[in-house]
Each structure stands twice: as structure tokens, then as C-alpha cells.
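Heavy atoms only: backbone and side chains are in, while hydrogens, waters and symmetry mates are out. All figures in this text were calculated on a predicted structure; none of them were measured in a lab.
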Amino acid sequence: MPPNPWFSWTYVTDHVDELLAAGKEHLLITLASVALAMVVAIPLALLVRRYPRLRGAVLGLGGVLYTIPALALISLLWPVFGLSPLTVTIALAAYALLVVLRNTLVGLDGVPVDVVDAARGMGFGPGRMLLRVQLPLATPAILAGLRLATVSTVGLVTIGALVGHGGYGTLILGGFIDNFYHAQIMTATVLTVALAIALEGLLLLLERALTPWSRARGRTSS
């Protein structure tokens, strides 16, 4: 029986171009999916805040989308968008939508009433109140949801292998088909995890840059 190790540096060096191409596709689908989820979720959160009666219906719809099995959702989108990255992107955005929506609402709901009253007393209108007070104070919660959505999306991109656009998932599936090729499966899996960790680290740095008051508050309390 020929050797079939789980770890093979030779496989990595012989397939650098293939690994880079899969990584690029994995990254682009992840970013596009999370961005699409944010474009939909944040306006929905603002709409729900404006019309509270819609909260139950909007969150319920997001919950329904979240519970649809990935295979079924891709099958529903497949006839419309075909075997394209867009099919995977829309499906994954549907899963990230609820996470971003909930965290945005949590952040906006958590803005202290006295701060809002003080800003209103200073003459802040609705638009200025949102951009200068509410969204900045809700940023930590929004970014926490963004981190969770991004990490989970990195893992879910692998299901795109079913339509030929799964980034590292395509390599993992190919490893199973190619006589259970251990090195290919393990390398693609490790790179998927590494990508998730790297993106979460970048988002943590972004959060620190956008919320300097949080660090100042931590130093004061310590």
C-alpha cells in the first residue's frame, strides 16, 4: 500500500499555485458574503428600531433563513444563479444575516438613554444622532457580530464545493474523491482554520482602532 501521510510538505510545495487560488476564492467569497449580510442587516436593524412592531417578523424571517439546511439553500439558488460563486455568496450571506442583525440591535438597544437625551438636548437631529452617537456606541456589539459571522462563514464556504466554488472546500472534497488523499484534506483544513483565525485577528485590531474609548475605560477601571 503506497504511503498516504496526513502531513506532507512535498504536497504543499508541489501545489502552491492551487492552494493560493483556492485561498483567494475562499477569502473573496467570505468577504463578499459578510459584506452582503451587513448591507442588508444594518438597514433592517435601523428599520426595526424605527418601527418596533416589525422586530418579531424580521427576526423570525432571519431565523427561518438560518435554519434552512445549506444543501437545500444552495439547491434552491442553483437554478437561478447556476454554478457560480454568487450562488455560494448569497447562501452564506443568508446565514450571516441573523448574526449581524441581532448584534446590531443589541448594540443600538444598549445605547444609554441619558446619552441620547443629552445629545438631543444639544440639538442633535435623527441623522446626526445616529451617526455621531448611536452607531459609534453600538460599534463593539456590531463588530462582535461581524467577527462571529466572519469566522462561521469561513467554515461554511467549504460547502460551496458542491457547486465547484468552495475555496479550500473544493480541495477537501477533491481529496476524498482522489482515493482519500490525506495530505490534501489536512492541508486545506489547516489553511481554512488559519484563514478564520487571521480574519478574526484583523477584525479585533479594527475594533481596537474604532473604539479607543474602550481601552481608556479599561485602563481607568484597572
Side-chain angles (χ1 to χ4, degrees), residues 23-50 54-55 58-68 70 73-74 77 85-112 115 127 129-160 165-169 191-218:
K24 179 181 178 182
E25 182 180 58
H26 207 118
L27 177 63
L28 291 177
I29 291 176
T30 298
L31 296 180
S33 300
V34 175
L36 179 58
M38 288 189 67
V39 166
V40 177
I42 291 180
L44 272 180
L46 298 178
L47 182 67
V48 166
R49 291 272 301 171
R50 180 70 176 83
L54 296 176
R55 179 181 288 251
V58 171
L59 290 176
L61 179 60
V64 170
L65 287 174
Y66 196 80
T67 57
I68 297 176
L73 188 54
I74 286 181
L77 295 171
L86 185 60
T87 299
V88 185
T89 299
I90 294 175
L92 299 185
Y95 289 115
L97 176 66
L98 182 62
V99 176
V100 179
L101 175 61
R102 281 188 180 278
N103 276 67
T104 302
L105 285 174
V106 167
L108 292 173
D109 291 344
V111 176
V115 173
M129 178 80 75
L130 177 65
L131 296 176
R132 299 289 298 277
V133 178
Q134 293 172 312
L135 282 179
L137 290 177
T139 295
I142 295 173
L143 287 177
L146 184 60
R147 289 204 316 271
L148 179 59
T150 301
V151 170
S152 62
T153 300
V154 169
L156 286 171
V157 167
T158 56
I159 66 172
H165 295 283
Y168 291 128
L191 289 175
T192 301
V193 174
L195 180 61
I197 293 173
L199 288 178
E200 182 171 25
L202 289 174
L203 288 171
L204 279 172
L205 291 176
L206 178 63
E207 181 177 344
R208 287 174 60 84
L210 293 178
T211 58
W213 62 85
S214 298
R215 300 197 301 279
R217 189 184 305 157

Distance (rounded to the nearest 0.5 Å) between Ile197 CD1 and Leu202 CG: 12.0 Å

Residue pair Leu105 / Ala45: nearest heavy atoms and the distance that separates them: CD2-O, 3.6 Å

Non-neighbouring partners of Leu130 that pass side-chain contact (heavy atoms from CB on, under 4.5 Å), sequence neighbours left out: Leu46, Gln134, Leu135

Spatial distance of atom CG (Leu54) from atom CZ (Arg49) [nearest 0.5 Å]: 13.5 Å

Leu98 and Leu65: CA distance, side-chain angles, deciding distance, side-chain contact (heavy atoms from CB on, under 4.5 Å) verdict: CA-CA 8 Å; Leu98 182 62; Leu65 287 174; over 6 Å; no

Value rounded to 0.5 Å, distance of CZ in Arg147 from CG in Asn103: 9.5 Å

Nearest heavy-atom neighbours spanning Gly160 and Val88: CA-CG2, 3.8 Å

Worked verdict on Thr192 versus Val157 for side-chain contact (heavy atoms from CB on, under 4.5 Å): CA-CA 9 Å; Thr192 301; Val157 167; over 6 Å; no

Flag side-chain contact, heavy atom, 4.5 Å: Thr158 against His26: yes

Nearest heavy-atom neighbours spanning Ala93 and Leu36: CB-CD2, 3.6 Å

From Thr150 atom OG1 to Leu203 atom CG, the distance as rounded to the nearest 0.5 Å: 5.0 Å

Exercise: identify the closest heavy-atom pair between Leu92 and Ser33: CB-OG, 3.5 Å

Which atom of Ala149 lies closest to which atom of Ala96, heavy atoms considered: CB-CB, 4.0 Å

Point-to-point distance, once rounded to the nearest 0.5 Å, from OG1 of Thr211 to CD1 of Ile142: 11.5 Å

All salt bridge (charged side-chain N to carboxylate O under 4.0 Å, His left out) counterparts of Arg102, not counting sequence neighbours: none

pair Val100-Val40: side-chain heavy atoms closer than 4.5 Å: no

Least distance between heavy atoms, Ala41 atom then Leu101 atom: O-CD1, 3.5 Å

Distance in Å, Leu199 CG paired with Leu146 CG, rounded so as to fall on 0.5 Å steps: 10.0 Å

Residues in salt bridge (charged side-chain N to carboxylate O under 4.0 Å, His left out) contact with Arg55, at least two apart in sequence or another chain: Asp109

Side chain to side chain, Leu195 and Leu27, heavy atoms closer than 4.5 Å: yes

Leu47 side chain near Val58 side chain, heavy-atom distance below 4.5 Å: no

Geometric class of the Tyr66/Tyr95 ring pair [parallel <30°, tilted 30-60°, perpendicular >60°]: perpendicular

